[in-house]
K.L.:
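Sending over a structure as structure tokens; questions will come in a sec.
Values in this document were obtained by computation on a predicted structure and should not be read as measured data. One-based numbering along the sequence shown.
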Amino acid sequence: MAGGIFNPENGFYRTTEKLVDLFLLSVFWLFCCIPVVTIGPSTAALYNTVTRCIRGNERNSWIMFFRTFRDNWKVGMLTTLVILPAAVLLVFLQGLLYQTAVVGKAGYVLYVAYQIFLLLPLGTACYLFPVLSRFTFRTGGLLLNCSKLAIAHLPSTVGMGLLLALSIWSCSYVPVLAVVLPALLALVQSVPLERIFRPYIQAQQEEQPEE
């Protein structure tokens, strides 16, 4: 019986392995994000590994994470450097509008409207590094194509932006959640993203010459 439980192909063993991976991948992501400019390649590595090892059945999640991190290092870091100033500006504007919200009703309405608007850039950001992990782009092409995807799939964009906002809010109040939420968020967001990616992946495969 013990041999069955600890058999690598046993359902219980695989489920336990994937739960452990959710924790470890989140920790890897947090550690690799410490320099800040590496948020991009870290997120690409997290998404690709979660999709292939937790949604799928591939093994060696640690190896896959750091291999994907290495492969997307340059473009991921450059893209992070581009979007960081925009993120800082959006947060700064949020702080200003929060000050107006406590003054009067009009300021409060403007602040709430801005919070809703933020779902769009947050949702668009959710495409960037998953796309990078599955396709080959330079920074400019990555930003342009992800913007097109975000507009073409607006309901999914808003939904992913809302999930990201809720995750950030949850971690700000309960920091310990940060050791599991990153991988869990990537897993949930992979549902719409993989559906969106599917026709592009198929087209890419059809264009590859047969050996």
K.L.:
Hey, are the side chains of Phe69 and Leu46 touching, using non-hydrogen atoms and a 4.5 Å cut-off?
P.N.:
no

K.L.:
Just wondering, do Thr80 and Phe129 contact through their side chains at under 4.5 Å, heavy atoms?
P.N.:
yes

K.L.:
Do you know which two heavy atoms are closest between Asn72 and Pro41, and how far apart they sit?
P.N.:
O-CB, 3.7 Å

K.L.:
Roughly how far apart are Leu181 CG and Ser170 OG, rounded to 0.5 Å?
P.N.:
6.0 Å

K.L.:
Could you list the donor-acceptor pairs under 3.5 angstrom formed by side chains in residues 90-112, with sequence neighbours left out?
P.N.:
{"unit_1": "Gln94", "atom_1": "NE2", "unit_2": "Gln115", "atom_2": "OE1", "d": "2.7"}
{"unit_1": "Thr100", "atom_1": "OG1", "unit_2": "Leu97", "atom_2": "O", "d": "2.6"}

K.L.:
Is the closest side-chain heavy-atom distance between Pro192 and Met160 below 4.5 Å?
P.N.:
yes

K.L.:
Which atoms form the tightest heavy-atom contact between Thr124 and Cys146, and what is the distance?
P.N.:
CG2-O, 4.3 Å

K.L.:
To the closest 0.5 Å, what do you measure between SG (Cys53) and CH2 (Trp62)?
P.N.:
12.5 Å

K.L.:
Specify the closest pair of heavy atoms between Thr49 and Ala45, including all atoms of both residues, with the distance to one decimal.
P.N.:
OG1-O, 2.7 Å

K.L.:
Do Leu164 and Val188 sit in the same hydrophobic cluster, where Ile, Leu, Val, Met, Phe, Trp and Tyr count as joined when their side-chain heavy atoms come under 4.5 Å apart?
P.N.:
yes

K.L.:
Which heavy atom of Gly56 sits nearest a heavy atom of Lys18, and at what distance?
P.N.:
O-NZ, 3.0 Å

K.L.:
Hey, what do you get for CH2 (Trp29) to OG1 (Thr38), rounding to the nearest 0.5 Å?
P.N.:
9.5 Å

K.L.:
In Å and rounded to the nearest 0.5 Å, what is the CD to CG distance from Glu17 to Leu24?
P.N.:
10.5 Å

K.L.:
Of all heavy-atom pairs between Ser61 and Asp21, which one has the smallest distance, and what is that distance?
P.N.:
OG-OD1, 3.1 Å

K.L.:
Begin with the C-alpha distance, continue with both residues' side-chain angles, and end with the deciding distance and a verdict on side chain to side chain contact (heavy atoms under 4.5 Å, CB included) for Leu149 and Tyr200.
P.N.:
CA-CA 11 Å; Leu149 284 176; Tyr200 302 102; 3.7 Å; yes

K.L.:
Do Val20 and Phe65 share a hydrophobic cluster, counting only Ile, Leu, Val, Met, Phe, Trp and Tyr and linking them when any side-chain heavy atoms are less than 4.5 Å apart?
P.N.:
yes

K.L.:
I'd like to check the ring-ring contact (aromatic ring centres under 6.0 Å, His included) partners of Phe66; sequence neighbours left out, ordered by chain and number.
P.N.:
Phe28

K.L.:
So how far is it from Leu128 CG to Ser133 OG, rounded to the nearest 0.5 Å?
P.N.:
11.5 Å

K.L.:
Say whether Leu25 and Leu132 are linked into one hydrophobic cluster, either directly or through other cluster members, by side-chain heavy-atom distances under 4.5 angstrom.
P.N.:
no

K.L.:
Keeping Asn48 on the side-chain end and Ala44 on the backbone end, is there a donor-acceptor pair under 3.5 Å?
P.N.:
no

K.L.:
Hey, does Arg67 have a side-chain heavy atom less than 4.5 Å from the side chain of Asp71?
P.N.:
yes

K.L.:
Using every non-hydrogen atom in the two residues, find where Cys32 and Pro35 come nearest and quote the distance to one decimal.
P.N.:
O-CD, 3.4 Å

K.L.:
Could you grab the distance from atom CG of Leu22 to atom CD1 of Ile54, nearest 0.5 Å is fine?
P.N.:
4.0 Å

K.L.:
Which residue, Arg134, Arg55, Gln189, forms the side chain to side chain donor-acceptor pair (under 3.5 Å) with Glu194?
P.N.:
Arg134

K.L.:
Using a 4.5 Å cut-off on heavy atoms from C-beta on, say whether the side chain of Thr139 contacts that of Leu142.
P.N.:
no

K.L.:
When you compare the side chains of Thr157 and Tyr127, does any donor N or O come within less than 3.5 Å of an acceptor on the partner?
P.N.:
yes

K.L.:
Please determine whether side chain to side chain contact (heavy atoms under 4.5 Å, CB included) holds for the pair Phe137 and Leu143, giving the CA-CA distance in whole Å, both sets of side-chain angles, and the decisive distance to 0.1 Å.
P.N.:
CA-CA 9 Å; Phe137 284 108; Leu143 292 168; over 6 Å; no

K.L.:
Are Leu193 and Leu154 joined in one hydrophobic group, where the rule is that I, L, V, M, F, W and Y side chains link up if heavy atoms are under 4.5 Å apart?
P.N.:
no

K.L.:
Please determine whether side chain to side chain contact (heavy atoms under 4.5 Å, CB included) holds for the pair Val36 and Leu84, giving the CA-CA distance in whole Å, both sets of side-chain angles, and the decisive distance to 0.1 Å.
P.N.:
CA-CA 9 Å; Val36 180; Leu84 273 179; 3.7 Å; yes

K.L.:
Give a yes or no on whether the backbone of Val180 and the side-chain of Ser26 come within a donor-acceptor separation of less than 3.5 Å.
P.N.:
yes

K.L.:
Please check if Ile168 and Leu177 belong to a single hydrophobic cluster, counting links between Ile, Leu, Val, Met, Phe, Trp and Tyr side chain heavy atoms closer than 4.5 Å.
P.N.:
no

K.L.:
For the residue pair Tyr173 and Trp169, categorise the inter-ring angle as parallel (less than 30°), tilted (30 to 60°) or perpendicular (more than 60°).
P.N.:
tilted

K.L.:
Evaluate the side chain to side chain contact (heavy atoms under 4.5 Å, CB included) criterion for residues Leu19 and Thr16: first the C-alpha distance (whole Å), next the side-chain angles of each, then the deciding distance (0.1 Å), finally the verdict.
P.N.:
CA-CA 5 Å; Leu19 290 174; Thr16 303; 5.6 Å; no

